[in-house]
Amino acid sequence: MTFDTIVVGIGGMGSAATWQLARRGKRVLGLERFDIPNAMGSSHGLTRIIRLPYYESPAYVPLLRRAYELWRDIEAVSNSELLVVTGSIDASTENDPLFQGALRSARLHSIEHEVLTGGEVNKRFPGYRLPDDYAALFQPMGGLVASERSIVAHVNAALAEGAEIHAREAVLGWEAKAGGDGVVVKTDHRQYEASTLILSAGAWIGELALPLRAKADPERQVLAWLQPHQPELFLPGRFPVFNLQVAEGRYYGLPIYDAPGFKFGRYHHLGESGAVEVIRRDADAADERLLRDFAEKYFPKGSGPTMGLRSCLFTNTPDEHFILDFHPDHPQVVLASPCSGHGYKFCSVVGEILADLAGDDRATRHDIDFLRLSRLN
Ligand SMILES: Cc1cc2nc3c(=O)[nH]c(=O)nc-3n(C[C@H](O)[C@H](O)[C@H](O)COP(=O)(O)OP(=O)(O)OC[C@H]3O[C@@H](n4cnc5c(N)ncnc54)[C@H](O)[C@@H]3O)c2cc1C
């Protein structure tokens, strides 16, 4: 069977790309090795943070502005709540790159914000207990994206536009067609052909794209949900999402939403990276202790009984910026590794970019030069 584009991996990014291609009238096939959605990759655990004054680099801000628009588009199409604005806090000691980076992004892109001390944050949002002298950037547009629900929304919207999507069908390999144009994709069911190929296989991308094998490193993470002693302080209207650099590490968290307990985790949890098939997927008492210690210190009103613990995967690049580019040897193949622990909020705009790169023009109007693979050579 022949398609315009085949998308490998129908997680956060692949589902959005499939919708973007289908709504442009392309014949698109999406292939997913597990269920849709699944809890094997990087997008489960119900929610992800979205924020605008990006401390990682101000270069992401124009992409974020478009991401917000496209989240609202898919919400309207799917008639489901996918983006919830709660406000966001980026807090650390004053000279730390987290606060300084967020402030720089906010100023450079004229993003509405307030600078608060830790003490002022604690007063305004009593679920928090930050050190009084911390510096915090509050941004009213920060919030959460319902990650698993968004995959469902993108897939349903793609199907409604005529896309073909198969779950439980693993791609075993692909090759460029003789003559250099197009691809042949082999799965554990059968073989397909297409003009272009998008590899959005998350933690598995190194298995399908040799140039990424040493540049996209899977890492185990753990999320915790704790039931607050005062749950009313941890609801979306009263509890902004946060990124917090403290002596114990860099942590993030979100209000109670779609599951009991407020949710949080530590970036690069225990530093356990390795081959995706051997990374352990359970979560145990040591994970729970580490996360509870953090909550008891910085969110004591939130640190009631544990409601849930889940492991999940980051896929890290060496500089923790995304890879969005063509395969260096096969321009009909698009590589998408937008993770490094902060990619979900971009799914909506990454879907658009991937559809651009795999589309007729093989080009995008978005500035993604800082995400090209060549920077890592
Ligand atoms: C604990 C945790 C917290 C996070 N918090 C945030 C946050 O707050 N904000 C934020 O913006 N980002 C966050 N992230 C990062 C974000 O979730 C990821 O960037 C995003 O989920 C990556 O999406 P993806 O589509 O690349 O991967 P996935 O959603 O994992 O999709 C890849 C899919 O490819 C499939 N696949 C793999 N190989 C094959 C194959 N051979 N054939 C067919 N299918 C295949 C997989 O089964 C999978 O479904 C977090 C990540 C984790 C783990």
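We count ligands from 1, going down the list as the structure has it; atoms in each ligand are counted the same way.
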Looking only at protein heavy atoms, identify the closest one to atom 29 (O) of ligand 1 and say how far it is in Å.
S43 OG, 2.5 Å
Taking the six-membered ring for Trp and the full ring for Phe, Tyr or His, determine whether the centres of F299 and F239 are under 6.0 Å apart.
yes
Which atom names give the shortest non-hydrogen contact between M13 and C347, and what distance separates them?
CE-SG, 3.5 Å
Please determine if N38 has a nitrogen or oxygen closer than 3.5 Å to a nitrogen or oxygen of ligand 1.
yes
Within 4.0 Å of some non-hydrogen atom of F314, the atoms of ligand 1 are 2 (C), 50 (C), 51 (C), 52 (C), 53 (C)
When the ring centroid of Y54 is compared with that of F346, is the distance short of 6.0 Å?
yes
Heavy-atom distances under 4.0 Å decide this one: backbone, side chain, both or neither, for M13 against ligand 1?
both
Taking the six-membered ring for Trp, are F370 and Y60 closer than 6.0 Å centroid to centroid?
yes
Roughly how far apart are F138 CZ and F125 CZ, rounded to 0.5 Å?
4.0 Å
Return the closest protein heavy atom for atom 18 (C) of ligand 1 as residue, atom name and distance.
C339 SG, 3.6 Å
Atoms of ligand 1, numbered as shown, that sit under 4.0 Å from any heavy atom of Y252:
1 (C), 2 (C), 3 (C)
If we check side-chain hydrogen bond (donor to acceptor under 3.5 Å, both in side chains) with N38, which of these qualifies: H44, E32, R33?
E32
Partners of H113 by ring pair (Phe, Tyr, Trp, His ring centres under 6.0 Å), sequence neighbours excluded?
none
As an exercise, identify every atom of ligand 1 less than 4.0 angstrom from a heavy atom of L313.
53 (C)
Measure centre to centre between the rings of F99 and Y55, then say whether the value is under 6.0 Å.
no
Is the shortest side-chain heavy-atom distance between R238 and P255 below 4.5 Å?
no
So CG of D319 and OG of S340: to nearest 0.5 Å the spacing works out to 7.5 Å
Under 3.5 Å, is there a donor on one side chain and an acceptor on the other for E219 and N316?
yes
Close approach, M40 and ligand 1, non-hydrogen under 4.0 angstrom:
no
Just heavy atoms, cut-off under 4.0 Å: does S200 contact ligand 1 by side chain, backbone, both, or neither?
backbone
Starting from atom 49 (O) of ligand 1, what is the nearest protein heavy atom, named by residue and atom, and what distance separates them?
E32 OE1, 2.6 Å
For the 3.5 Å polar cut-off, considering only N or O atoms, please tell me whether G14 and ligand 1 meet it.
no
Any heavy atom of G45 sitting closer than 4.0 Å to ligand 1?
no
Distance filter under 4.0 Å to K345 heavy atoms, resulting ligand 1 atoms
9 (N), 10 (C), 11 (O)
Contact between ligand 1 and G265 is defined here as a heavy atom of the residue under 4.0 Å from a ligand atom; is it met?
no
Sub-4.0 Å atoms of ligand 1 with respect to non-hydrogen atoms of F34
47 (O)
Which residue owns the protein heavy atom closest to atom 37 (C) of ligand 1, what's the atom, and how far is it?
A201 O, 3.4 Å
Protein contact of atom 41 (N) of ligand 1 - nearest heavy atom, named by residue and atom, plus distance:
V171 O, 3.0 Å
Using heavy-atom distances, let me know which of G30, A216, G202 sits nearest atom 27 (O) of ligand 1.
G202
Cation-pi check, R190 to Y192: give yes when NZ or CZ is under 6.0 Å from the six-membered ring centre and within 45° of the ring axis, no otherwise.
yes
Numbered in order shown, the ligand 1 atoms found under 4.0 Å of a heavy atom of L31 are 43 (C), 44 (N)
For atom 44 (N) of ligand 1, what's the nearest protein heavy-atom neighbour? Residue, atom name and distance, please.
R33 N, 3.0 Å
protein heavy-atom neighbour closest to atom 12 (N) of ligand 1 works out as Y344 N, 3.0 Å
For ligand 1, which atoms have a heavy atom of G12 less than 4.0 angstrom away?
25 (O), 29 (O)
Starting at CD of E75, measure out to CG of L83 and round the result to the nearest 0.5 Å.
5.5 Å
If you count the non-hydrogen atoms of other residues, nucleotides and ligands that lie under 6.0 Å from CZ in R107, is the total more than 12?
no
So, do Y267 and Y251 have ring centers that fall under 6.0 Å from each other?
no
Which one holds for L223 and ligand 1: side chain close, backbone close, both close, or neither close, with close meaning a heavy atom under 4.0 Å?
side chain
Verify same cluster id: L357, V350 (apolar side-chain graph, 4.5 Å)
yes
Within a distance under 4.0 Å of any heavy atom of G41, pick out the atoms of ligand 1 and give their elements.
30 (O)
Under-4.0 Å heavy-atom contact with ligand 1, by part of V8 that carries it:
side chain
With nothing but distance in play, are any N or O atoms of W204 less than 3.5 Å from an N or O of ligand 1?
no
Give the residue and atom name of whichever protein heavy atom lies nearest to atom 30 (O) of ligand 1, and the separation in Å to one decimal.
S42 N, 2.9 Å
